[in-house]
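Since the structure comes first, as structure tokens, the remarks are kept for the end.
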Amino acid sequence: MPELPEVEVVRRGVADHVVGRRIRQVEFLHPRVTRRHVPGPDDAARRCRDRVVGDAVRRGKYLWLPLVDAEGHAPDALVVHLGMSGQLLVEGAEAPDEKHLRARWTFDDDGAELRFVDQRTFGGLSLEPLLDVADGGPGGRGTTDEAPWSRTIPAAVAHIARDPLDPAFDDADFARRVRARSTGVKRALLDQGLVSGVGNIYADEALWRARLHYERPTGSLRRAQVDTLLAALREVMTAALDAGGTSFDALYVNVNGASGYFDRSLHAYGQAGRPCARCSTPIRRESFMNRSSFFCPRCQTRPRVGASTPAR
DNA sequence: ATGATAGCCTGCCTGC
DNA sequence: TGCAGGCAGGCTATCA
């Protein structure tokens, strides 16, 4: 469900309401929520107890909280992935349990709880060792350079590429790698090892802005087109962030339970049958990768079959 | 190695 | 009204 802008909205909420507080206790209320934490839920709970939440850091769609021990070290982090329907909520203890409440953290200041709610249970939590990274940490948002964990990344996030809003994202390297692929451009955008944070909504929106068909072979993209696509991704994600994210229903909300309103600004995603904002041609929906792709058949012309010859 | 599928879950909406 | 089927913002494992 949530893509980069939505996860960033949640990160900011956690930064505002949870960072700096000491965890008293954590409860895991569903076996699937800690399925990625191999040592099991009891171990995860033990590692959370009495730790201070040092920060809220994001790369792509992954969010993590370095947990600081009594010596001021953060040997590991609580890694959160929202999956399709996960939510982090900050609520008073008196708030009734949500139907799909999966985890609850309480704090020694007796303030609001942190809760993880997840209808579809594709999301998950794990306690991961923080690994030193050679190329210098997640890239700025949420991490101060002085913080001892600023050049670390959780083991489970090490395979995730930087995202387009990361100041250290390398455009030239991305262009080289994407053009070396032999696949369609939307598949490449959704590959979190190539560029992270892009999901089905913002892939379709960026492709619409860049006037590229989703099946355009990556090998035929010119460098300037990759740059246009990156610019489109940054524009649409920044605009979505400013709008508080995209909410089609109550499944995506910020930590205070509020929806975002970027759905009103979508030009392609979910717009099947409605006129393209540029040329009035009805937006088309097609099935692709077991999901939907929305595009303008006039602005985003389908590549000719066999048009996969790499551009020079 | 890269590329492309199936599967994991629950709930809601549509059409018969 | 009931029920089957399709669909949903993601990732990982496992094939080719």
Side-chain angles (χ1 to χ4, degrees), chain A residues 1-10 29-38 58-63 79-88 98-102 116-126 128 154-161 163 176-206 214-215 217-219 233 236-237 240-241 243-254 259-263 265-266 268-273 285-294 308 310:
Chain A
M1 159 208 202
E3 306 180 31
L4 187 155
E6 292 75 34
V7 179
E8 175 62 14
V9 169
V10 171
L29 300 146
H30 191 286
R32 273 182 62 80
V33 74
T34 51
R35 69 192 182 284
R36 304 245 174 251
H37 188 75
V38 178
R58 181 187 57 74
R59 174 179 285 198
K61 303 169 196 171
Y62 281 85
L63 177 63
V79 177
V80 181
H81 197 290
L82 301 177
M84 294 283 266
S85 56
Q87 306 173 333
L88 282 176
E98 288 76 7
K99 180 176 181 186
H100 302 292
L101 180 64
R102 307 303 188 201
F116 183 70
V117 175
D118 189 15
Q119 177 193 100
R120 293 175 67 186
T121 70
F122 285 7
L125 309 168
S126 60
E128 298 280 336
V157 189
H159 67 295
I160 299 295
D163 61 65
R176 193 172 339 109
R177 294 179 64 201
V178 78
R179 294 169 73 205
R181 290 287 178 99
S182 164
T183 187
V185 64
K186 183 169 176 181
R187 267 202 172 83
L189 287 181
L190 296 178
D191 182 343
Q192 306 296 303
L194 198 55
V195 54
S196 68
V198 186
N200 210 31
I201 296 176
Y202 299 110
D204 280 2
E205 290 299 307
Y214 63 91
E215 286 185 311
T218 48
L233 278 171
V236 71
M237 286 183 169
L241 187 50
T246 301
S247 304
F248 299 116
D249 49 38
L251 282 189
Y252 164 68
V253 294
N254 68 17
S259 294
Y261 50 89
F262 193 70
D263 61 303
S265 305
L266 296 174
Y269 188 87
Q271 306 302 303
R285 172 186 172 278
E286 288 183 1
S287 214
F288 174 71
M289 289 175 76
N290 291 324
R291 55 219 315 202
S292 295
S293 276
F294 299 90
S308 55

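So you know, we letter chains A, B, ... as the sequences are listed, proteins then strands, and number each from 1.
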Nearest whole angstrom, please: distance from the P of dG10(C) to the CG of Asp163(A). 14 Å
Does Ser292(A) reach the main-chain N or O of Arg285(A) with its side chain, forming a donor-acceptor pair under 3.5 Å? no
Asp191(A) CG - dC11(C) P separation (whole Å): 10 Å
Is His30(A) near enough to dC9(B) that one of its side-chain N or O atoms lies under 4.0 angstrom from OP1 or OP2? no
Which one, dG11(B), dT12(C), dG10(C), comes nearest to the side chain of Gln119(A)? dG11(B)
Length of the CG-C1' vector between Asn200(A) and dC7(C), whole Å: 12 Å
Salt-bridge criterion met for Arg32(A) and Asp118(A) (N-O under 4.0 Å): no
Once you apply a heavy-atom cut-off of 4.0 Å, does Phe288(A) come out as touching a base, just sugar-phosphate, or nothing? nothing
Carboxylate-amine/guanidinium contact Asp163(A) Lys61(A), below 4.0 Å: no
Measure CG/Asp118(A) against C1'/dC8(B) and give the value in whole Å, please. 12 Å
I want to check one thing: is the phosphate of dC11(C), taken as OP1 and OP2, less than 4.0 Å away from some side-chain N or O of Gln192(A)? yes
Under 6.0 Å between ring centres: does that hold for Phe248(A) and Tyr269(A)? yes
Residue whose closest nucleotide on DNA chain C lies nearer the 5' end, Arg291(A) versus Arg285(A): Arg285(A)
Separation of Glu215(A) atom CD from dA4(B) atom C1', in whole Å? 13 Å
dC9(B) and dT14(C): how far apart are their P atoms, nearest whole angstrom? 15 Å
Considering every strand and a 4.0 Å limit on heavy-atom distances, what is the contact class for Arg36(A): base, sugar-phosphate, or nothing? sugar-phosphate
Give a yes/no on whether any side-chain N or O of Lys99(A) is located under 4.0 angstrom from OP1 or OP2 of dG11(B). yes
Just the rounded figure in Å: distance from P of dA8(C) to CG of Asp249(A). 13 Å
Minimum-distance nucleotide to Thr121(A) side chain [options: dG3(B), dC9(B), dG9(C)]: dC9(B)
Rounded distance in Å - CG (Leu82(A)) to C1' (dG10(C)): 10 Å
For the pair Gln192(A) (side chain) and Gly197(A) (backbone), establish whether a donor and an acceptor sit closer than 3.5 Å, ignoring hydrogens and angles. yes
Please confirm whether the shortest side-chain N or O distance from Lys61(A) to OP1 or OP2 of dG9(C) is below 4.0 Å. no
Just to be sure I understand the rule, does Ser292(A) reach a base, reach only the sugar-phosphate, or reach nothing, if contact means heavy atoms closer than 4.0 Å? sugar-phosphate
Does one side chain, of Tyr202(A) or Thr246(A), offer a donor that lies under 3.5 Å from an acceptor on the other? yes
Please determine, for dG9(C), whether a Watson-Crick or G-U wobble partner exists with both distances under 3.5 Å, and give it or none. none
Quick one: is dT5(B) close enough that its OP1 or OP2 comes under 4.0 Å of any side-chain N or O from Arg187(A)? yes
Can you figure out which of dC11(C), dG3(B), dG9(C) approaches the side chain of Thr246(A) most closely? dG9(C)
Return the 5'-most residue of the pair Arg120(A), His159(A) with respect to DNA chain C, ranking by each residue's nearest nucleotide. Arg120(A)
Please measure how far the P atom in dG9(C) lies from the corresponding atom in dC13(B), and state the result in whole Å. 16 Å
Atom pair distance, as rounded to whole Å: CE in Met289(A) and C1' in dT5(B): 9 Å
Is any side-chain N or O of Arg32(A) closer than 4.0 Å to OP1 or OP2 of dC8(B)? no
With a 4.0 Å limit, can you tell me whether Ser85(A) has a side-chain N or O closer than that to the phosphate oxygens OP1/OP2 of dT10(B)? no
Presence of Thr183(A) side-chain N/O under 4.0 Å of dA4(B) phosphate oxygens OP1/OP2: yes
Heavy atoms, side chains only, cut-off 4.5 Å: are Arg291(A) and Leu190(A) in contact? yes
Do any side-chain nitrogens or oxygens of His100(A) fall under 4.0 Å of OP1 or OP2 in dG11(B)? yes
Any side-chain N or O of Tyr269(A) below 4.0 angstrom from OP1/OP2 of dG9(C)? yes
Stacking between dC9(B) and Phe122(A), yes or no? Criterion: centroid separation under 5.5 angstrom, plane angle under 30 degrees. no
